[in-house]
There are 2 protein chains.
Amino acid sequence: MFKKVLVADDLGSINLGVLTIAKNLGLNNVERVEYCDDAYLRIKKGLLDNDPYDLLITDLSFKEDHRTQKYPSGEDLIKVLRKETPNLKIVVYSIEDRLQKVRRLISQYNINAYVCKGRKGLEELSKAVEEVYEDRFFISEQVSHALSNKTTLDIDDFDVLLLRNLASGKSQEEISLDFKQKNITPSSLSSIEKRLNKLKIQFSASNTIHLVAIGKDIGLI
Amino acid sequence: MFKKVLVADDLGSINLGVLTIAKNLGLNNVERVEYCDDAYLRIKKGLLDNDPYDLLITDLSFKEDHRTQKYPSGEDLIKVLRKETPNLKIVVYSIEDRLQKVRRLISQYNINAYVCKGRKGLEELSKAVEEVYEDRFFISEQVSHALSNKTTLDIDDFDVLLLRNLASGKSQEEISLDFKQKNITPSSLSSIEKRLNKLKIQFSASNTIHLVAIGKDIGLI
DNA sequence: AACTTCATTACGGTTTCCCGGAATCGCTTA
DNA sequence: TAAGCGATTCCGGGAAACCGTAATGAAGTT
């Protein structure tokens, strides 16, 4: 089994549960941290000491508090670790079950498992660790269709950027000017209108407000 | 101390943590459920058996699964319990730290404590139980300004209804007609415009899309 | 009854958004 | 080189939203 495991989660009681199942799996070298920055430092230190971690189990959202963090979220942590320590296995253990978010995480950072916190969360996590140890990918039943479902697969970064800009209060014309300045194409007002129209059809949104609201609900923005 | 306590939370590991601190507090009659409906039934049964619970510790959000629920969220549970068993002490233990949501919960259902899940969550929960036992109100430091801060206090149900309607894709005119039908006043298009304008000023939103996005972010809708 | 006050409603002009058609550009293929 | 095709851009008319102002209505006050 894994020789050295790190668990990152800011809720003490979650950690407790994870430690319990870890023990059942025969993992006897498990450490826990409550901040992503701590996780990063430990993992780097492990490398320097020639005693690297071989598994990270991490949450996605960490509460902010007085400590300012370089990596405020699990996603930030994963991003940097995937670059610097590509051999480390990463299991995400999060409450997040919105398909778009899960989909982006899996495709962008190519994590080894995605487990949803929930009633069966610990069981699934246990299974996930075993699967990942065998070099297989694991995903919770609950969000497994994040991979297969094609319905919203043809939404690219431009669409997301557009919706984010709208949600932040910019008018379509302002966005157009902004894109022109930043050399983002397409940038014409007409193109923006057309893109929004496409999105509205895809999500059956009746107007732009509705579209942005849906985008927020499904975790797209 | 409390004689009979019920803990409602769908995450097993959270429950584990809560049970631990309960033991430390000298609570030796603590039960746990993973669904709000189960919580409701147990509490009602306690009443019938003349052996009522005197404390409920509950989460707010419960994941949906195959079991269809009459009370899908903690808020639904609290709502009905406050009517039917006003003597029961209720402690909310949730990850939710958005002020508007906390504020509404406290003012509408007059719960006995609000504790944020987080790094210090269990300690605070322990403190909360003690305070509530002494008939005092408890709220986590993190969201304590939900009570004092007046900035958004003059937002009423009408405003929320309006924003919800917008987020669901209705045009202002459609909302006006809908309000007229349902005898909700004010209902004229002009009034709706005015109200939206007031909200935009309060939240420094530059347009309606922005306003709805902010409303979603802060948990107003 | 006349007056004040405040919320609601009505209205008109301006801006933004919405939507379709047509022209242009860039790339591929014949 | 020409033709074809999709993406982008330009344009124009109509709808919805935006914004200020005026009219109406329902209290309570003098």
Side-chain angles (χ1 to χ4, degrees), chain A residues 150-217 220-221, chain B residues 150-217 220-221:
Chain A
K150 305 264 184 187
T151 47
T152 48
L153 214 62
D154 46 350
I155 289 175
D156 58 23
D157 294 341
F158 182 85
D159 295 317
V160 177
L161 184 63
L162 191 50
L163 292 181
R164 287 225 175 95
N165 270 287
L166 283 174
S168 77
K170 287 210 190 83
S171 74
Q172 298 180 15
E173 193 168 0
E174 284 170 331
I175 295 174
S176 167
L177 292 173
D178 188 49
F179 281 6
K180 279 187 171 68
Q181 266 197 342
K182 294 178 181 161
N183 283 334
I184 299 171
T185 62
S187 62
S188 77
L189 182 58
S190 183
S191 290
I192 288 173
E193 288 172 352
K194 284 207 185 338
R195 200 60 87 99
L196 284 176
N197 207 39
K198 187 202 75 179
L199 290 171
K200 278 179 217 161
I201 292 168
Q202 274 187 39
F203 290 112
S204 348
S206 45
N207 57 44
T208 311
I209 296 178
H210 196 191
L211 180 63
V212 170
I214 292 172
K216 279 203 169 286
D217 284 339
L220 195 61
I221 51 178
Chain B
K150 304 265 185 186
T151 48
T152 49
L153 214 62
D154 46 350
I155 288 174
D156 58 24
D157 294 341
F158 181 85
D159 295 317
V160 177
L161 185 63
L162 192 49
L163 292 181
R164 288 223 173 96
N165 271 286
L166 283 174
S168 77
K170 287 211 191 83
S171 75
Q172 297 181 15
E173 193 169 0
E174 284 171 332
I175 295 173
S176 168
L177 292 173
D178 188 50
F179 282 6
K180 279 186 171 69
Q181 266 197 341
K182 293 178 182 163
N183 282 335
I184 298 172
T185 62
S187 62
S188 76
L189 183 58
S190 184
S191 291
I192 288 173
E193 289 173 350
K194 283 209 183 342
R195 200 58 87 101
L196 285 176
N197 210 36
K198 188 202 73 178
L199 290 172
K200 279 179 215 162
I201 292 169
Q202 274 186 40
F203 290 112
S204 343
S206 45
N207 57 43
T208 311
I209 296 178
H210 196 190
L211 181 63
V212 170
I214 292 172
K216 278 203 169 284
D217 283 339
L220 195 60
I221 51 179

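A note on names: the letters A, B, ... follow the listed sequences, proteins ahead of strands, and every chain is numbered from 1. The figures here come from the full heavy-atom set of this structure, side chains too, leaving out hydrogens, waters and symmetry mates.
Rounded to whole angstrom, the span from the CZ atom of Arg195(A) across to the P atom of dG20(C) amounts to 18 Å. In this structure, His210(A) atom NE2 and dA16(D) atom P are separated by 17 Å, rounded to whole Å. Counting to the nearest Å, the C1' atom of dA7(D) and the CG atom of Asp159(A) are 14 Å from each other. Atom CD1 in Ile201(A) sits roughly 11 Å away from atom C1' in dC19(C) (whole-Å rounding). One can place CD1 of Ile209(A) at 13 Å from P of dA16(D), the figure rounded to the nearest angstrom. dC19(C) atom C1' lies 12 Å from atom CD of Gln172(A), rounded to whole Å. For Phe179(B) and dT8(C), the CZ to P distance is 12 Å, given to the nearest whole Å. Atom pair Leu162(A):CG and dC18(C):P shows a separation of 11 Å (rounding to whole Å applied).
For the OP1/OP2 pair of dC18(D) and a distance below 4.0 Å, the side-chain nitrogens and oxygens of Thr208(B) include at least one atom meeting the criterion. For the pair Ser190(A) and dT8(D), the criterion of a side-chain N or O lying under 4.0 Å from OP1 or OP2 is not met. For dT9(C), neither phosphate oxygen OP1 nor OP2 lies less than 4.0 angstrom from any side-chain nitrogen or oxygen of Lys194(B). A sub-4.0 Å separation between OP1 or OP2 of dT9(D) and a side-chain N or O of Ser188(A) is present. At the phosphate of dC19(D), OP1 or OP2 sits under 4.0 Å from a side-chain N or O atom of Asn197(B). For Ser187(A) and dT9(D), the shortest distance from a side-chain N or O to OP1 or OP2 is below 4.0 Å.
Each of Lys180(B), Lys182(B), Gln181(B) was compared with Asp178(B) under the side chain to side chain donor-acceptor pair (under 3.5 Å) criterion, and only Lys182(B) meets it.
Considering only the side chain of Lys200(B), dC18(D) comes nearest among dT8(D), dC18(D), dC19(C).
Distance alone, capped at 3.5 Å, places no donor-acceptor pair between the Asn165(B) side chain and the Leu162(B) backbone. In this structure a side-chain-to-backbone donor-acceptor pair under 3.5 Å is missing from Ser187(B) to Ser176(B).
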Derivation and outcome, side chain to side chain contact (heavy atoms under 4.5 Å, CB included), residues Asn207(B) and Lys170(A) = CA-CA 8 Å; Asn207(B) 57 43; Lys170(A) 287 210 190 83; over 6 Å; no
Would Leu196(B) and Leu166(B) satisfy side chain to side chain contact (heavy atoms under 4.5 Å, CB included), going step by step from the backbone distance to the final call?
-> CA-CA 10 Å; Leu196(B) 285 176; Leu166(B) 283 174; 3.6 Å; yes
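Residue Leu189(B) is the one, among Asn207(B) and Leu189(B), whose nearest nucleotide of DNA chain C lies closer to the 5' end (criterion: closest heavy atom).
In this structure, the side chains of Asp217(B) and Lys216(A) come closer than 4.5 Å at one or more pairs of heavy atoms.
Backbone-only engagement by Ser171(A) is indicated by non-hydrogen atom pairs under 4.0 Å involving sugar-phosphate atoms exclusively.
One can find a donor-acceptor pair under 3.5 Å joining the base of dC19(D) and the side-chain atoms of Glu193(B).
What you find for Pro186(A) and Arg195(A) is that their closest heavy atoms are CD-NH2, 4.2 Å. Nearest heavy atom pair, residue Ile221(B) against residue Val212(B), reads CD1-O, 3.8 Å.
Within the helix from dA1(C)-dT30(D) to dA30(C)-dT1(D), the inter-axis angle between the opening and closing five-pair segments is 10°, rounded to 10°.
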